[in-house]
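Just the heavy atoms: all of them, side chains too, but no hydrogens, waters or symmetry mates, feed the values below. In this chain, numbering begins with 1 at the start of the sequence shown.
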Amino acid sequence: MKLAKLTLAIVAVSALAACEGGGQIGPDKGVDRGFDKKDLSQLKAGIWVDPNGCDHWIIDDGVEGYLSARLDKYGKPVCSGAAPANVATGPFKGGSTSAIGDIF
């Protein structure tokens with residue numbers, strides 16, 4: 001029983017020590033870390049329509065790509081019919097000066 005309590009105490013201390021980090025969790029996800037590094041707000045987004053007909057914001061700078069669901073103010077998916085299913089529309093490759101293009 002004494003060994004079990006000691007083991008539990010060590011696990012608890014280790015778990016609490018892992019929480020130390022000053023509140024910073026990983027690198028800033030709002031910055032493009034590609035060849036032409038810039039804030040993501042400087043890139044242009046388009047819309048990709050999934051097979052269910054719902055919209056997703058899409059950004060492609062040639063090397064990295066970004067995608068997130070398009071949501072209304074209540075957090076529900078937006079299904080606008082902006083394009084047919086499985087089609088991307090808009091200037092989603094704009095805002096980047098990367099000389100590296102897509103291979104597909």
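Clustering of Ile, Leu, Val, Met, Phe, Trp and Tyr by side-chain heavy atoms under 4.5 Å joins Y74 with none of the others. Through chains of ILVMFWY side-chain contacts below 4.5 Å, V49 is grouped with I47, W57.
In plain terms, the two heavy atoms of G75 and L71 that are nearest each other are O-CD2, 3.8 Å. Residues K44 and I59 approach most closely at O-CG1, 3.8 Å, considering heavy atoms.
Between the side chain of N52 and the backbone N or O of C54, no donor-acceptor pair lies under 3.5 Å.
Legend: residues meeting side-chain hydrogen bond (donor to acceptor under 3.5 Å, both in side chains) with S80, ordered by chain and number and at least two apart, are D55.
The shortest distance between side-chain heavy atoms of T89 and W48 does not fall below 4.5 Å.
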